[in-house]
Student: 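Structure provided below as structure tokens; questions to follow.
No hydrogens, no waters, no symmetry mates; every other heavy atom, side chains included, goes into these values. Residue numbers begin at 1 in each chain, while the letters A, B, ... track the order of the sequences. Please read all numbers here as calculations on a predicted model, not as lab measurements.
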Amino acid sequence: MYRIVRKEVLAPRIKSFLIEAPEIAAKAKPGHFVVVRLDEKGERIPLTIADYDAASGTIELVVQEVGRTTYQMGMLEAGQYIQDVVGPLGTPMHIEKVDCVVFVAGGLGVAPIYPKARRHYEIGSRVVSLIGAQNKDLLIMRDRMEKVSHEVRYSTDDGSFGHHGFVTELLKEMLDSGAKISEVVAVGPLVMMRAACRVTEPFGVKTIVSLNPIMVDGTGMCGSCRVTVGGETKFSCVDGPAFDGHKVDFGELIARQNRFLAEERLAMEHFTRGIAPEREECRCHQG
Amino acid sequence: MPSRVGRSPMPKQEPRERIRNFSEVALGYSEEDAIREASRCINCPKRPCVSGCPVEVDIPSFIGLIRDGRFAEAARKIKEKNSLPAICGRVCPQETQCEAQCTLGKKGEPVAIGALERFAADFERAHSGISLPGGLDTGGPHAGRSNMVGSCPGDGSGGLKVAVVGSGPAGLTCAADLAKMGYKVTIFESLHSAGGVLRYGIPEFRLPKAILEEEIAYVRALGVELRLNVLIGQTYSLDDLFRAGYKAIFLGTGAGLPHFLGIPGENLNGVYSANEFLTRANLMKAYLFPDYVTPIKVGRRVAVVGAGNVAMDAARVALRLGAEEVTIVYRRSRAEMPARREEVENAEEEGVRFALLTNPIRVLGDEKGWVTGLECIRMELGEPDESGRRRPVPIKGSEFIMGVDTMISAIGTDPNPLLPRLTPGLATGRHGNLVADPETGATSIPGVFAGGDIVTGSATVIAAMGAGKVAARGIDRYLRAGNAEK
Ligand SMILES: Cc1cc2nc3c(=O)[nH]c(=O)nc-3n(C[C@H](O)[C@H](O)[C@H](O)COP(=O)(O)OP(=O)(O)OC[C@H]3O[C@@H](n4cnc5c(N)ncnc54)[C@H](O)[C@@H]3O)c2cc1C
Ligand SMILES: Cc1cc2nc3c(=O)[nH]c(=O)nc-3n(C[C@H](O)[C@H](O)[C@H](O)COP(=O)(O)OP(=O)(O)OC[C@H]3O[C@@H](n4cnc5c(N)ncnc54)[C@H](O)[C@@H]3O)c2cc1C
Ligand code: FES
């Protein structure tokens, strides 16, 4: 059991949890994630380690409520427990000093980006962060990002803050203006990461993305998380989740994200109705 | 003459009934069945069955005890050599092991040794409680510790610490044996639940999880600590474990890496590895969705590629999840199918179809990325290959399309590469397996031992247990030789 030490609401439907997990905190590096199972009947979902502190033995997870499990997690409060947390998982990002690294964050993508930006900032890379969201309220972790960036620019889809438009447009602007960029790290929704890769490709700028396929174990045992990178099948949970974005088959991954859409809807309905079946009966023939 | 009596059949759930539930298919012998079957044993002097058993259970003796109605004693007799009889009685391939050697089998049907083993173990569970070593019936969680081996370095409360990585049959057995010798053993398991393949792979209807729970409780009652959600290599490295005071480490991490066929279309929606399909169903209990939250989607027509135990399990799970038609697609013929005969029969009774001498060459999909069919080619058997089986060769122009919406790839697994990849100096073989001394389990790193599927590649429960036992002895010898001070 893993205790929730602190819970904070960062934005509508986005919550931060500080969780006691000293073993994981001691080993975590930027790019690592954990797999969480809330309770006995829960599913296993991957969440990025947004921050970690070996001294206090805690990790921070930032969660956006998008469906059954993340909603349930959002209802947990400080002092309560999560049944299972395993990690750190994945291959941490390789970080070395470069002249200029540009982080492109879409929505919740800020959370995975923060520890990476901080590390680059610490070792002396010039850090430019481009942060986009649907609206002003959904721009999260601004203070923290501003502390670890030399320059930050914002965009919102509705124009309520910063540039009115997509965050990838800010990236295009930078490149068009001839900015010297050593590498781009883009994290966010798949379509946004694909767009970022399309922007950088003609300029030949290395672009790292962090993929979020559907996972089960997170340890390389099931292949649920497989993606095609450079024509080869890779398991995101062990080979990734970060990959060279110019080699990722985004179309395939976007289709694979929809594997359980109908079931996810059903699970959410079942959850919101709050129906707890009295008996454990076999549901296999309910189609 | 008792030997002329036919073999007592295993009572089973009716096929039409059982494909609607996940309850155990084989129901087990009654006391009368068991005594009748035990009486068929002619107690031949050569006892060939014992040599057919990888852990040398004293088969004729336990069968004699059953014949005499001394069921609990029979269970204890088995446990002298095999600490997981309720599991082995259910999943061991007896037909190629002990029963294959049975003298009665030369002219007729061999004694149903597996069914009797299962009976004895189930009787003990139902009646007298689980027995701990030394013949003490459960008298408290640590009753067995009074019966520890004399002067091992793990003796007493200051017992040396040993880490076991992985809680499959290899890890559980190694941990139990070391605990019996007096070592302080901690098992580290990456999943949220112990048991390895017994938990995530073999379905409830073949091995009820309640039985696995009891076997794990038994291992814990021996004083073994179980730490779940710890992925060795990531949460702790092997060096971390040594630094934390563990004097030796056993690696029983299994063969968890699924193979794919490498044909076009394999990442379409509706294609699963058997590991993913079975993990969703068994470990995550997706058959109880949405009460259990993990989803699983099985279409109307399912192709399962492969013909081993894993393929049979996947096919039978698919049926129970509501698939209308499930077909095993296998490139060789019936004679070469690696699955246990009993499981093939069960699958056939339940209506699983078999497309033999058939090889998939491409998965077809629609514009949204969902599977619509499987293109296959017919095969014929040619000359024997290196495995001694006749090599299947494609028949030109025989391609055809099988209309399916789900494909499950059950063509085998490789040893889990994670730990070797993250541990410098750990020697691996051709298939990524760990190299270990068969006599002791020792690997290329001093103090690190290994056994089970991680060494042999995908094999059997009993072989993994055997390897766990060998390594427990190897570790004991290593530590007695004074290596703990290093
Ligand atoms: C490496 C990695 C890191 C991630 N980090 C974060 C994070 O820091 N914060 C955050 O809020 N989200 C993160 N995600 C996404 C998060 O795992 C999903 O939002 C979550 O699983 C949705 O579950 P649900 O039941 O609430 O919603 P559902 O309604 O079940 O699913 C909504 C969508 O989420 C995706 N999804 C569903 N189940 C899974 C699963 N088991 N694994 C992965 N994706 C799934 C699917 O695309 C689905 O359509 C990460 C994903 C990955 C792979
Ligand atoms: C579907 C299926 C059906 C089968 N049917 C039969 C059958 O009928 N009869 C039979 O005899 N055999 C059968 N087998 C084979 C048998 O189950 C295996 O040979 C046996 O389980 C191997 O045991 P093991 O202990 O070596 O590994 P496993 O059972 O694979 O256990 C390994 C454990 O280690 C854990 N692990 C891996 N890496 C790490 C790490 N780095 N840190 C911590 N933990 C880790 C895994 O999560 C797992 O729990 C079947 C296999 C499958 C998949
Ligand atoms: S999540 Fe199972 S292999 Fe990656």
Student: Side-chain contact, heavy-atom cut-off 4.5 Å: A:Gln83 with B:His192?
Tutor: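 The answer is no, as the side chains (C-beta and beyond) never meet within the 4.5 Å cut-off.
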
Student: Nearest 0.5 Å please: distance from the CG atom of B:Leu283 over to the SG atom of A:Cys222.
Tutor: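 Going from the CG atom of B:Leu283 to the SG atom of A:Cys222 covers 10.5 Å.
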
Student: Side chains of A:Asp217 and B:Tyr200: does their closest heavy-atom pair fall under 4.5 Å?
Tutor: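 Side chain of A:Asp217 against side chain of B:Tyr200, heavy atoms only: no contact under 4.5 Å found.
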
Student: Does CZ belonging to B:Arg300 count more than 12 external heavy atoms closer than 6.0 Å?
Tutor: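 No, the 6.0 Å shell around CZ holds no more than 12 heavy atoms from other groups.
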
Student: Side chains of B:Glu276 and A:Met221: does their closest heavy-atom pair fall under 4.5 Å?
Tutor: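 The answer is no, as the side chains (C-beta and beyond) never meet within the 4.5 Å cut-off.
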
Student: For residues A:Pro88 and B:Gln234, report the shortest heavy-atom separation together with the two atoms involved.
Tutor: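 Heavy atoms only, the tightest pair is O-CB, 3.2 Å.
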
Student: Only pairs of heavy atoms separated by less than 4.5 Å count here; which of B:Pro258, B:Gly369, B:Ser273 has the most with chain A?
Tutor: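 Top count of heavy-atom pairs under 4.5 Å with chain A: B:Pro258.
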
Student: Check each atom of A:Leu253 against the heavy atoms of chain B and say whether the ones under 4.5 Å are side chain, backbone, both or neither.
Tutor: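 Neither; nothing under 4.5 Å.
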
Student: Using 30° and 60° as the class boundaries, would you call the ring planes of A:Phe260 and B:Tyr272 parallel, tilted or perpendicular?
Tutor: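 Correct class here is tilted.
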
Student: Taking A:Arg226, A:Arg44, A:Glu264 one by one, which has the highest count of heavy-atom pairs under 4.5 Å against chain B?
Tutor: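 Of the candidates given, the most pairs with chain B belong to A:Arg226.
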
Student: To the nearest 0.5 angstrom, please state how far the CD atom of A:Glu23 sits from the OH atom of B:Tyr236.
Tutor: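 Here the interatomic distance stands at 3.0 Å.
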
Student: So with a 6.0 Å cut-off around NZ of A:Lys7, is the heavy-atom count from everything else above 12?
Tutor: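 Result for NZ/A:Lys7: enclosed.
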
Student: For each of A:Gly218, A:Ala267, A:Ser224, A:Gly220, tally heavy-atom pairs with chain B at distances under 4.5 Å, and name the one with the top tally.
Tutor: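 Among the listed options, the one with the most contacts to chain B is A:Ser224.
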
Student: To the closest 0.5 Å, what do you measure between OG1 (A:Thr219) and CG (B:Leu231)?
Tutor: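 Result: 6.5 Å between the selected atoms.
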
Student: Chain B heavy atoms under 4.5 Å from A:Arg259: which part of the residue, side chain, backbone, both or neither?
Tutor: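 Both backbone and side chain.
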
Student: Counting only heavy atoms closer than 4.5 Å, note whether B:Thr235 contacts chain A via side chain, backbone, both or neither.
Tutor: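 Both parts, backbone and side chain.
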
Student: Under 3.5 Å, is there a donor-acceptor pair between the A:Arg256 and B:Asn267 side chains?
Tutor: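 There is no such pair between these side chains.
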
Student: Does the pair A:Glu40/B:Lys285 count as a salt bridge with the N-to-O cut at 4.0 Å?
Tutor: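 Looking at A:Glu40 and B:Lys285, the cut-off is not met.
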
Student: Within the 4.5 Å heavy-atom criterion, are B:Arg280 and A:Val216 side-chain neighbours or not?
Tutor: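 Yes - at least one pair of side-chain heavy atoms lies under 4.5 Å apart.
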
Student: Side chain to side chain contact (heavy atoms under 4.5 Å, CB included) with A:Val238: which of B:Leu422, B:Leu257, B:Asn416, B:Leu418?
Tutor: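 Exactly one candidate clears the test, B:Leu418.
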
Student: First locate atom NE2 of A:His270, then atom CG of B:Asp291, and finally report the distance between them rounded to the nearest 0.5 Å.
Tutor: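 A:His270 NE2 to B:Asp291 CG: 5.0 Å, rounded to 0.5 Å.
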
Student: For A:Lys247, is the NZ atom crowded, meaning more than 12 foreign heavy atoms sit under 6.0 Å from it?
Tutor: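 Open.
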
Student: Where on B:Phe277 is there a heavy atom nearer than 4.5 Å to chain A: the side chain, the backbone, both, or neither?
Tutor: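 Interface part for B:Phe277: neither.
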
Student: Taking all non-hydrogen atoms of both residues, which atom of A:Tyr2 and which atom of B:Asn229 are closest, and how far apart?
Tutor: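 Answer, listing the atom of A:Tyr2 first, then B:Asn229: OH-CB, 3.6 Å.
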
Student: For the interface with chain B, which of A:Gly87, A:Ala26, A:Ala28 has the highest count of heavy-atom pairs at distances below 4.5 Å?
Tutor: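 Most pairs with chain B among the choices: A:Gly87.
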
Student: When you look at CE of A:Met75, are more than 12 heavy atoms from neighbouring residues, nucleotides or ligands closer to it than 6.0 Å?
Tutor: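 Counting other residues, nucleotides and ligands, CE of A:Met75 stays at 12 neighbours or fewer.
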
Student: Which bit of A:Val85 comes within less than 4.5 Å of chain B, counting heavy atoms only: side chain, backbone, both or neither?
Tutor: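 When you check distances to chain B, only backbone atoms of A:Val85 fall under 4.5 Å.
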
Student: Distance from A:Leu266 atom CG to B:Phe289 atom CZ, nearest 0.5 Å?
Tutor: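 A:Leu266 atom CG to B:Phe289 atom CZ measures 5.0 Å (nearest 0.5 Å).
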
Student: Going by heavy atoms in the side chains, are A:Thr69 and B:Val293 under 4.5 Å from each other?
Tutor: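 Contact flag for A:Thr69/B:Val293 side chains = yes.
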
Student: For B:Val298, which atoms come within 4.5 Å of any heavy atom of chain A: side chain, backbone, both, or neither?
Tutor: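 The answer is neither part of B:Val298.
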
Student: Side chain from CB out, backbone as N, CA, C, O: work out which of these in B:Leu278 comes under 4.5 Å of a heavy atom of chain A, or both, or neither.
Tutor: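 Neither part.
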
Student: Under 4.5 Å between any side-chain heavy atoms of B:Val230 and A:Val86, yes or no?
Tutor: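 They are not in side-chain contact.
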
Student: Could you tell me if the side chain of A:Glu43 sits less than 4.5 Å from the side chain of B:Pro295, heavy atoms only?
Tutor: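 Side chain of B:Pro295 against side chain of A:Glu43, heavy atoms only: contact under 4.5 Å found.
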
Student: So, taking the atom named CG in A:Asp39 and the one named OH in B:Tyr292, what distance separates them when rounded to the nearest 0.5 Å?
Tutor: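 A:Asp39 CG to B:Tyr292 OH: 9.0 Å, rounded to 0.5 Å.
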
Student: Under a 4.5 Å cutoff for heavy-atom pairs, which residue among B:Gly256, B:Ser237, B:Ser193, B:Ser190 has the most contacts with chain A?
Tutor: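 Most pairs with chain A among the choices: B:Gly256.
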
Student: Please determine if B:Arg421 and A:Asp239 form a salt bridge, counting it only when a charged side-chain N lies under 4.0 Å from a carboxylate O.
Tutor: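 Salt bridge present between B:Arg421 and A:Asp239.
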
Student: Would you mind checking which part of B:Lys297 comes under 4.5 Å of any heavy atom in chain A, side chain (CB onward), backbone (N, CA, C, O), both or neither?
Tutor: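 Contact with chain A: backbone and side chain both.
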
